[in-house]
Amino acid sequence: YYLERLERGSTDTLANGCRADCEAAKRLAKRLYHLEGFKRCDVARHLGKNNEFSQLVASEYLSFFDFSGLSLDRALRNFLKAFPLMGETQERERVLVHFSRRFCHCNPQTPTSEDGAHTLTCALMLLNTDLHGHNIGKKMSCQQFISNLDGLNNGKDFPKELLKVLYNSIKNEKLEWAVEEEELRKSLSELVEEQCEGGSKRVARVTDGSNPFIAIPILLNAVTYKHGVLTRKSHADMDGKRTPRGRRGWKKFYAVLKGMILYLQKDEYKPDADISEVDLKNAVRIHHALATRATDYSKRANVLKLKTSDWRVFLLKLKSTMMSWIFRINLVAALFSAPAFPAAIGSMKKFCRPILPSSSTRLKQEEQLLSHESKLKQMSLELEEHRKNSPSADPKSREWEEFRLKEHYLTYEVQTLYIQFLCFFALFRYEQKKALQCYCCLVDHLIFNL
């Protein structure tokens, strides 16, 4: 099957992919470059293996790139946009070795050797992470960048003017590489399957205050969907009650969206580090939550409004990736939030919101989508009927208060369900960046026309 995947109709044979076959390598490289039968997320996997055949494939693949006359940083930018550079550290480094070799081949007058070009390439990747990553602390200066590379050009120094140009290029324009939404879809699907199948998992609990009964189990080995620096402001407490003035201040955190939990950490993000008690205290549960642009907040720009299942409201100030955060938060909520339980029934004619379980759904993705669609139709009809039967009593009466509370709930639920439905539609109807673009357009239309 593996060979059939690589070469449809080929009669060539490879012993575990290790015997060199130039013609097979050329055919595979061509198909990888033109994405014939492969996705962009497949490319790095075939270029970064440590065997002779993969090296041939990588060499042939790089031959499709012409870096002639380009600076190293510009060539690297072009290369990184071709496919997501994923895999283990050594696999990614092997891919960058092939890039450096091709760059030197296209630019024989470059003042560095292949090893020197590779050293600079890795240095630029690290510099990009330092200057534009989510590290909390002082950024690397130009002088530090130059000092770090002393004697690394085959025992000599790189030209200082070259290093200054490269530093300023990365500082003024961060490196961008291909984003493969297919990988996000795959990881989400795998997490759904893992949760449905059960098995041994590392579990902790997130609590609100001191009540152990509203704690929820979380997977410490859950998939991380997004992380980055943000500032948070508590806008409303449970049931939508305005947060007291003394607790409304903006606080800076490193946010990590992991599973159905948004962790707000005070220290830098370390993927392998255990979750501290402070991190658990600041954590926000994403089940049945809704993230939107804070269009009604004008004091700061680029602010996201996050409303949780218990109607708490947080304002999150982000640098430049607000729609990406909105998309992922709503997507996680859409895929993993379990269907609501019926509201409690009492002797009083008082409106009660349904109970929203914090555990992950047991439905398959197709069933989850149908559940959202069915619930959206039900809530839309219920909202329409509710508005037709407004009370005739005094607008300040308790009857009117109950009417407005239910209308607010139904409007919010319709908006939430519609956006969750759009998450499914955008992700599974489109691929790569188109999913996010489609989602953004549809949500903007919803927010301003609902």
Side-chain angles (χ1 to χ4, degrees), residues 204-218 230-251 253 255-266 275 277-294 296-297 303-317 325-326 329-330 332-334 336-346 348 350-361 375 379 398 400-417 419-420:
R205 306 186 77 84
V206 172
T207 61
D208 290 331
S210 57
N211 188 344
F213 295 102
I214 59 177
I216 66 169
I218 62 171
L230 56 75
T231 49
R232 184 210 67 187
K233 176 186 175 76
S234 294
H235 185 71
D237 293 337
M238 193 176 295
D239 294 323
K241 296 179 181 179
R242 188 69 185 273
T243 301
R245 186 176 296 275
R247 293 195 290 110
R248 291 185 211 162
W250 291 91
K251 295 182 180 180
F253 292 99
V256 182
L257 178 58
K258 189 172 185 179
M260 284 206 297
I261 307 293
L262 178 64
Y263 296 102
L264 299 175
Q265 303 177 181
K266 292 188 176 181
I275 301 170
E277 290 296 327
V278 176
D279 293 341
L280 290 176
K281 183 179 179 181
N282 290 324
V284 179
R285 296 178 288 181
I286 299 301
H287 72 284
H288 297 279
L290 177 65
T292 59
R293 290 180 178 177
D296 54 350
Y297 186 83
V303 175
L304 177 160
K305 179 163 72 173
L306 176 62
K307 189 168 185 177
T308 63
S309 61
D310 56 4
W311 286 25
R312 289 185 296 164
V313 177
F314 299 98
L315 299 179
L316 307 178
K317 174 73 173 66
W325 272 101
I326 290 176
I329 289 174
N330 289 334
V332 170
F336 302 133
S337 296
F341 295 127
I345 300 175
M348 303 281 291
K350 182 179 179 181
F351 169 70
C352 294
R353 300 199 305 270
I355 300 170
L356 302 177
S358 58
S359 58
S360 297
T361 182
K375 195 68 176 178
M379 288 292 188
R398 186 175 185 82
W400 261 100
E401 183 181 344
E402 292 293 324
F403 176 84
R404 284 191 291 266
L405 180 62
K406 185 174 181 179
E407 181 181 38
H408 176 73
Y409 163 74
L410 291 173
T411 302
Y412 171 74
E413 282 298 299
V414 168
Q415 183 181 6
T416 303
L417 287 165
I419 287 180
Q420 290 178 344

Parallel, tilted or perpendicular: ring planes of W311 versus Y409, cut at 30 and 60 degrees | parallel
Measure the spacing between CZ of F253 and NZ of K266 and express it to the nearest 0.5 Å.
-> 6.0 Å
K317 side chain reached by L230 side chain, heavy atoms, under 4.5 Å | no
Results of side-chain contact (heavy atoms from CB on, under 4.5 Å) for K241 - residues two or more places apart only | none
Rounded to the nearest 0.5 Å, how far does NE2 of H408 lie from OG1 of T411?
-> 8.0 Å
Is there a side-chain contact between P339 and T361, using heavy atoms and a 4.5 Å cut-off?
-> yes
So CG of L316 and CH2 of W250: to nearest 0.5 Å the spacing works out to 7.5 Å
Could you pull out all residues at least two apart from R248 that satisfy side-chain contact (heavy atoms from CB on, under 4.5 Å)?
-> K233, R242, T243, R245
Side chain to side chain contact (heavy atoms under 4.5 Å, CB included) between Y297 and K305, worked out = CA-CA 9 Å; Y297 186 83; K305 179 163 72 173; over 6 Å; no
Give, for atom NZ of K251 and atom OG of S234, the distance between the pair rounded to the nearest 0.5 Å.
-> 7.5 Å
Closest heavy-atom contact between I261 and A283?
-> CG2-CB, 3.7 Å
Have a look at L304 and tell me which of T292, L315, I326 forms a side-chain contact (heavy atoms from CB on, under 4.5 Å) with it.
-> I326
Qualifying residue for side-chain contact (heavy atoms from CB on, under 4.5 Å) with L262, from N282, V256, I286 | I286
Partner residues of S309 under the side-chain contact (heavy atoms from CB on, under 4.5 Å) criterion, sequence neighbours left out | H287, H288, L356
Measure the CG-OG1 distance between D237 and T308 for me, rounded to the nearest 0.5 Å.
-> 10.0 Å
Can you name the closest pair of heavy atoms from A333 and A289 and give their distance?
-> CB-O, 3.8 Å
So how far is it from M260 CE to F336 CZ, rounded to the nearest 0.5 Å?
-> 8.0 Å
Between A291 and I329, what is the shortest heavy-atom contact and its length?
-> CB-CG2, 3.9 Å
